[in-house]
There are 2 protein chains.
Amino acid sequence: MLTFTEENYLKSIYHLSGEGQKPVLTTQLAEGLDTRPATVTDMLKKLAAKELIVYEKYYGVELTRKGKAEALTVIRKHRLWETFLVEKLGFSWDEVHEVAEQLEHIRSPLLIEKLDIFLGRPKADPHGHPIPDKHGKLPVTAQTPLAAVAVQQQATVRAVRHASSVFLKYLSKIGVYIGASLQVTERNAFDHSVHIVIDGKKKAFLSREASENILVTPG
Amino acid sequence: MLTFTEENYLKSIYHLSGEGQKPVLTTQLAEGLDTRPATVTDMLKKLAAKELIVYEKYYGVELTRKGKAEALTVIRKHRLWETFLVEKLGFSWDEVHEVAEQLEHIRSPLLIEKLDIFLGRPKADPHGHPIPDKHGKLPVTAQTPLAAVAVQQQATVRAVRHASSVFLKYLSKIGVYIGASLQVTERNAFDHSVHIVIDGKKKAFLSREASENILVTPG
DNA sequence: TTAAAAATTTAGAATAATCTAAAAAAAAAT
DNA sequence: ATTTTTTTTTAGATTATTCTAAATTTTTAA
């Protein structure tokens, strides 16, 4: 059985590797987990001994099939709890992360199954992030950043990339939400900032950085 | 800030002392927390240093005002979560304890407040145990064990004393539940076992031990 | 009231997770 | 192709929780 710390390492490795594509470096993990590289090295040895990761000294770390499955279970729990907090308890999307970081470690397969049913087997959390099913399968989605949408094109908001509290609060303030219909009315050639119209009514201005972090589908 | 272990000690001291009446002994705690007396002694020193308990060597331990407040917060969370699991997720009353033991340690006053509202500010959990309000105040109830109810008297089930899984399953099987109307039709003078009628329909037989653990109000 | 039994504490050690400082390896730059 | 810089690992400690075994204190019983 894994400790909370071990689960956090696996989750962090999963995210930093880009769903398990590229190897993750010690310093990246130290940064992401707000700890020291030496601490990370110690933990990597432990996770490798448990066959949850493949760890090659000085090179980096990758998840094994087993490690990836554990990571996806934690991510599933995190996203289901976030959905619960917003849909049922009335949290706003910028308030849920810290609480879900705690709830994701609760151990009870029955609880997660019942929660999933209670929520209507949601496919995505309040930030639009896909919820893995109980076998760790992720729904595939073809989303593009708003930054890549051509002027005059219509698009629907599906997710946000980095769900930091300040970014989410900012989006709420200007009227951007999951499901909103956006049209890019103008793109500044100099800094790639854009003017948008939300739901055919509200106008807003977004920096390139902001538009990179809003994921949409055409139409 | 308290660790999970510290919270469990405070909760255990609260329960074993009978809501803070009598001092609790080292061995009692070791028994209740499934650990060794030596371990308990170590932790008691730590809790005393934090002024959560008054600890007198060889004599026993009592909660301070601060310790009692912490214990009641954990108990509040435990009972709210149990209520959620039964009322919203469809758990049965014998399945909730272990999960609530984990959930009770989640730290978020906002979460607890929102959960309390979502559940309609319940006064008791699925076992009939009173839920302290956010200030640690417990609703007072005048409940008596079924063992003390006279023959032919009518009574309503309000709570169970020891909510062990086997006992709860057994009660469900014979048809006893919180809110059920009971009548004691016969009491055996030898072993104090009783015959009861549930809701004027179902008949059942209960040992003295079982009837000691069912709490009722007259009528 | 003294001896035996039970309960409790102390001493010393183990495991997990963390740290700082020093050493070693890899990458970047001259 | 060296030297310098950066990254990573190792070595050695620290804190929290737990344990066993030995010592001590309290309680019970002869």
Side-chain angles (χ1 to χ4, degrees), chain A residues 1-14 16-18 22-63 66-67 70-71 74 101-102 104-107, chain B residues 1-13 15-18 22-63 66-67 70-71 74 101-102 104-107:
Chain A
M1 212 189 51
L2 303 179
T3 66
F4 287 15
T5 308
E6 290 170 333
E7 290 188 343
N8 285 333
Y9 270 79
L10 295 177
K11 186 164 58 105
S12 201
I13 293 167
Y14 180 85
L16 289 169
S17 68
K22 45 191 187 299
V24 178
L25 307 177
T26 303
T27 331
Q28 281 181 286
L29 274 169
E31 171 85 9
L33 291 160
D34 193 30
T35 186
R36 300 286 155 193
T39 309
V40 173
T41 301
D42 286 343
M43 183 57 74
L44 293 183
K45 285 179 190 165
K46 207 177 136 196
L47 293 173
K50 290 192 177 190
E51 300 187 335
L52 294 159
I53 61 171
V54 179
Y55 168 51
E56 206 180 316
K57 265 167 65 161
Y58 295 104
Y59 168 73
V61 68
E62 277 168 34
L63 294 173
K66 197 170 139 198
E70 293 287 356
V74 178
E101 286 287 298
Q102 297 180 60
E104 73 188 7
H105 300 296
I106 302 294
R107 259 177 268 278
Chain B
M1 212 188 54
L2 304 179
T3 64
F4 287 14
T5 308
E6 289 170 333
E7 289 188 343
N8 285 333
Y9 271 80
L10 294 177
K11 186 165 58 104
S12 201
I13 293 166
H15 288 311
L16 289 169
S17 69
K22 45 192 187 299
V24 179
L25 307 176
T26 302
T27 331
Q28 281 181 285
L29 274 169
E31 170 84 10
L33 291 160
D34 193 31
T35 185
R36 300 287 155 192
T39 309
V40 173
T41 301
D42 287 343
M43 183 57 74
L44 293 183
K45 286 179 191 165
K46 205 177 140 196
L47 293 173
K50 291 193 177 190
E51 300 186 337
L52 293 159
I53 61 171
V54 179
Y55 168 50
E56 206 179 320
K57 268 169 62 163
Y58 296 105
Y59 167 73
V61 68
E62 278 167 33
L63 294 173
K66 196 171 139 196
E70 292 286 357
V74 178
E101 286 286 300
Q102 297 180 61
E104 72 189 6
H105 300 296
I106 302 293
R107 258 178 268 280

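Only a predicted model underlies this, so the values are computations on that prediction, with no experimental measurement involved. Keep in mind that the numbers below use all heavy atoms, side chains included, and drop hydrogens, waters and symmetry copies. Throughout, protein chains are lettered first and strands after them, A, B, ... in sequence-line order, and every chain is numbered starting at 1.
Whole-Å rounding puts the A:Asn8 CG to C:dA16 C1' distance at 15 Å. If you take CD of B:Glu6 and C1' of D:dT15, they are 12 Å apart, rounded to a whole angstrom. Here D:dT9 presents its P atom at 11 Å from CG of A:Leu29, a figure rounded to the nearest Å. Rounded to an integer number of Å, the gap from CG of A:Asp42 to P of C:dT20 is 13 Å. Here D:dT10 presents its P atom at 11 Å from CG of A:Leu44, a figure rounded to the nearest Å. In this structure, B:Tyr59 places its OH atom 13 Å from P of C:dT9, rounding to the nearest Å. At whole-Å resolution of the value, NZ in B:Lys45 and P in C:dA11 are 8 Å apart. The distance from atom CD of B:Gln28 to atom C1' of C:dA7 is 12 Å, rounded to the nearest whole Å.
Looking at every heavy atom in both residues, A:Lys11 comes nearest to A:Glu101 through NZ-OE2, 3.0 Å. The minimum heavy-atom distance between A:Glu6 and A:Met1, with the atom names listed, is OE1-O, 4.1 Å.
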Quiz prompt | Residues B:Ile13, B:Ile53; criterion side chain to side chain contact (heavy atoms under 4.5 Å, CB included); working and verdict | solution = CA-CA 9 Å; B:Ile13 293 166; B:Ile53 61 171; 3.9 Å; yes

Practice problem: Using the side chain to side chain contact (heavy atoms under 4.5 Å, CB included) rule, take B:Val40 and B:Glu31 through it: C-alpha gap first, then chi angles, then the decisive distance, then the call. | Solution: CA-CA 10 Å; B:Val40 173; B:Glu31 170 84 10; over 6 Å; no

Practice problem: Give the intermediate values and the outcome of side chain to side chain contact (heavy atoms under 4.5 Å, CB included) for residues A:Leu29 and A:Leu44. | Solution: CA-CA 10 Å; A:Leu29 274 169; A:Leu44 293 183; 4.0 Å; yes

Practice problem: List the steps and the verdict of side chain to side chain contact (heavy atoms under 4.5 Å, CB included) for A:Leu47 and A:Tyr55. | Solution: CA-CA 9 Å; A:Leu47 293 173; A:Tyr55 168 51; over 6 Å; no

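Under a 4.0 Å N-O distance rule, the pair B:Glu70/B:Lys50 does not qualify as a salt bridge.
Of all the residues in residues 31-41 of chain A, A:Pro37, A:Ala38, A:Thr41 reach under 4.0 Å from DNA chain D with at least one non-hydrogen atom. Contacts between residues 47-58 of chain B and DNA chain D, defined by a heavy-atom separation under 4.0 Å, are made by B:Tyr58.
Judged as a side chain to side chain donor-acceptor pair (under 3.5 Å), and not counting sequence neighbours, A:Arg36 has no contacts.
By the 30° and 60° cut-offs, the orientation of the rings of A:Phe4 relative to B:Phe4 is perpendicular.
Side-chain atoms of A:Thr26 lie closest to D:dT9 of the nucleotides D:dT10, D:dC19, D:dT9.
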